[in-house]
Protein chains: 2
Amino acid sequence: MTYTIGKVARIAHVSVRTLHYYDAIGLLNPSYETPSGYRLYVDSDLELLQQVLFFRSLGFPLGQIKAIVQSPAFDRRKALEAHRTALLERRKAVEALLAAVGHTIEAMDKGETMDTTTMFDAFDERALEEHRTKYADEAKQRWGTTDAYVESQRRTSKHTKEDWKRIQQEGAEIREGLATLMDHSPTDRDVQTLVKRFHEYMSTNFYACSLEMLSGLGDMYVSDPRFTATYDKVRPGLATFLRDAIKIYCTGNAT
Amino acid sequence: MTYTIGKVARIAHVSVRTLHYYDAIGLLNPSYETPSGYRLYVDSDLELLQQVLFFRSLGFPLGQIKAIVQSPAFDRRKALEAHRTALLERRKAVEALLAAVGHTIEAMDKGETMDTTTMFDAFDERALEEHRTKYADEAKQRWGTTDAYVESQRRTSKHTKEDWKRIQQEGAEIREGLATLMDHSPTDRDVQTLVKRFHEYMSTNFYACSLEMLSGLGDMYVSDPRFTATYDKVRPGLATFLRDAIKIYCTGNAT
DNA sequence: CATATACCATGACGTTGCGTCATAGTCAAG
DNA sequence: CTTGACTATGACGCAACGTCATGGTATATG
């Protein structure tokens, strides 16, 4: 019993184009063809197609499916586990996006409007939020408390629209100040004074910031593109400069 | 102050190619260019780029980003909500894949091997599982019990490798039998006898199957491509035929 | 001032899995 | 013999760039 391409399409509920494509990429070549060049599929072809569709339904890319169905020795079990891992990562990625969108909506509720500057804020604030949560999690694990978390919640959620404008203003001032001092060494007295102000600024407006957290924040300014961009836009290299200055500040103030 | 494309790329941490692309699609056109055709970006361009990257980081497609950043009147809030909905769907899709992969791995553990026939089983079993769970959920909602679920778990998880071979064998027999009777009416006595056997087969080997559930199963054989393919491969039109026969069986046996 | 080097431009192909024409040959029925 | 249903190949389109390839430009240096 042989089937023309259209019949196969109807039986398996795929489009003719799909079968054309699978033939073209060598995933499923019909066993026979008529003198006039029509594709003819047989039962074993249909079974192979079922397998293909099965793995497709699990989200495997066609390239892998080809490897899986065409070599019986292929370790399907391992492929499935690996695929599961990949899917878990995909889910994590989507969840990160969801969190980001959620934070943005929140930020909009606070600011009501969305001009250029609040944009930046929302952008940076997301990174900041992640940083804080990360530390809060670690703190929770180490000390079994959620105090830091609770406290920080209190601090950022109480800000009014006016507050935000002021906070953002002061942040810009600090950045500008640092930018004009970039020709000096990060150890420079004036620079260190600004870092101190930055530390207080963070602690006052965002969340109680230990020296350790501040240090981590400095690293993030260099490693997280969201922050780096904001700082480097004021003056290229500013992010790195601030991180170095923070490191020195933290070392100098360590108990 | 103007920036060449390379500088912008470094500041914003994107590739030159990306800026080329954004220029090409009209998402971000530099404000000036040198006599020799070099792109020159100004500060306002950088700010626009920041906005673009912001929305990109939320997972928006560039086409939408273009609309968002280029018309100030655009309702960003609504766009965000809509995007959130889309992300939720994406997460659901990934989770469905994860469940499917999980089921397959389980099925492999049961069968230890993965020949052609167990493949089908895993394929169909997934659909079956979804159907059962759906009904279990509804049952839970209606009667506040999880009995159906628990019972089915007991029923399917107790099968040995031998059992599965037998079950699969009987399933094939029923399908074959129905296929040879397809020229008759679905109301035919022999057909109805086979449907009864099918009902018992399902109840014995899978889960207690009320007439209502059986009827739903019949619908699924036509609407869910995973089942339809399995049945139509035996003989095209078999899925529909079985559904019709099931309907009649259910009507005839209704209390 | 000529050259080496770093930076810029445009063009085009590759990626993933098909959908969607466009053009043209083939087959069975009336 | 015509018509309509079906088939074939070929090629563009989509999303968001990465990655050459080819060639002009700006700048620092010997």
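Proteins get letters first, then strands, A, B, ... in listed order; numbering begins at 1 in each.
For B:H20, no side-chain nitrogen or oxygen approaches OP1 or OP2 of D:dC17 to under 4.0 Å. Contact between the side-chain N/O atoms of B:T18 and the OP1/OP2 oxygens of D:dG18 is found at a separation under 4.0 Å.
Both B:L40 and A:L62 lie close to DNA chain C; mapped to their nearest nucleotides by heavy-atom distance, the more 5′-ward contact belongs to B:L40. DNA chain D is contacted by both B:T34 and B:F60; B:F60 maps to the nucleotide lying nearer its 5′ end (nearest heavy atom per residue). Along DNA chain C, the nucleotide nearest to A:R56 and the one nearest to B:V16 differ in position, and the one closer to the 5' end is contacted by B:V16.
Non-hydrogen atoms lying under 4.0 Å from DNA chain C are contributed by B:T4, B:I5, B:G6, all within residues 2-12 of chain B.
For DNA chain C, the outermost nucleotides in 5' to 3' order that have an atom under 4.0 Å from a heavy atom of chain A are C:dG17 to C:dC27.
Between B:Y221 and B:F198, the angle of the ring planes goes over 60°, which puts this pair in the perpendicular group of the 30/60° scheme.
Smallest separation of non-hydrogen atoms from B:A239 and B:D232: N-OD1, 3.2 Å. Nearest heavy-atom pair across B:A12 and A:A229 is CA-CB, 4.5 Å. Closest of all the heavy-atom pairs between A:L58 and A:H83 is O-NE2, 2.7 Å.
Surrounding CZ of B:F74 are more than 12 heavy atoms belonging to other residues, nucleotides or ligands, all under 6.0 Å away.
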List the atom pairs, donor and acceptor, that lie under 3.5 Å between side-chain atoms in residues 176-185 of chain A and the rest of the protein, sequence neighbours left out.
{"unit_1": "A:T180", "atom_1": "OG1", "unit_2": "A:G177", "atom_2": "O", "d": "2.7"}
{"unit_1": "A:D183", "atom_1": "OD1", "unit_2": "A:R235", "atom_2": "NH2", "d": "3.0"}
{"unit_1": "A:S185", "atom_1": "OG", "unit_2": "A:T187", "atom_2": "N", "d": "2.9"}
{"unit_1": "A:S185", "atom_1": "OG", "unit_2": "A:T187", "atom_2": "OG1", "d": "2.6"}

What side-chain donor-acceptor pairs closer than 3.5 Å can you find for residues 85-97 of chain B, not counting sequence neighbours?
{"unit_1": "B:T85", "atom_1": "OG1", "unit_2": "B:E81", "atom_2": "O", "d": "3.0"}

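Between the side chain of A:N29 and the main chain of A:D23, a donor-acceptor pair closer than 3.5 Å is present. Listed for the A:D45 side chain is a donor-acceptor partner under 3.5 Å among the backbone atoms of A:V42. Panel note: side chain B:K66, backbone B:I25; a donor-acceptor pair is recorded below 3.5 Å. Side-chain atoms of A:Q70 do not come within 3.5 Å of backbone N or O of A:I65 as any donor-acceptor pair. Although no hydrogens or angles enter the test, the distance criterion places no donor-acceptor pair under 3.5 Å between the side chain of A:T18 and the main chain of A:V14.
Atom OH in A:Y21 sits about 21 Å away from atom P in D:dT7, given to the nearest Å. As a whole-Å value, the separation of A:L19 CG from D:dC6 P is 15 Å. Taking atom CG of residue B:L28 and atom C1' of nucleotide D:dA16, one finds them 15 Å apart after rounding to whole Å.
For A:R39 against D:dT7, a side-chain-to-base donor-acceptor contact under 3.5 Å is absent.
Counting heavy atoms from C-beta on, the side chains of B:K233 and A:L46 come closer than 4.5 Å.
Look at A:K247 and A:D219 and you find a salt bridge, because one of the NZ, NE, NH1 or NH2 atoms lies within 4.0 Å of a carboxylate O, short of that distance.
The bend of the helix from C:dC1-D:dG30 to C:dG30-D:dC1, defined by the angle between the axes of its first five and last five pairs, stands at 40° to the nearest 10°.
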For nucleotides 23-25 of chain D, tabulate all protein N/O to nucleotide N/O atom pairs closer than 3.5 Å, reporting atom names and distance.
{"unit_1": "D:dG24", "atom_1": "N2", "unit_2": "B:Y38", "atom_2": "OH", "d": "3.1"}
{"unit_1": "D:dT25", "atom_1": "O4'", "unit_2": "B:Y38", "atom_2": "OH", "d": "3.3"}

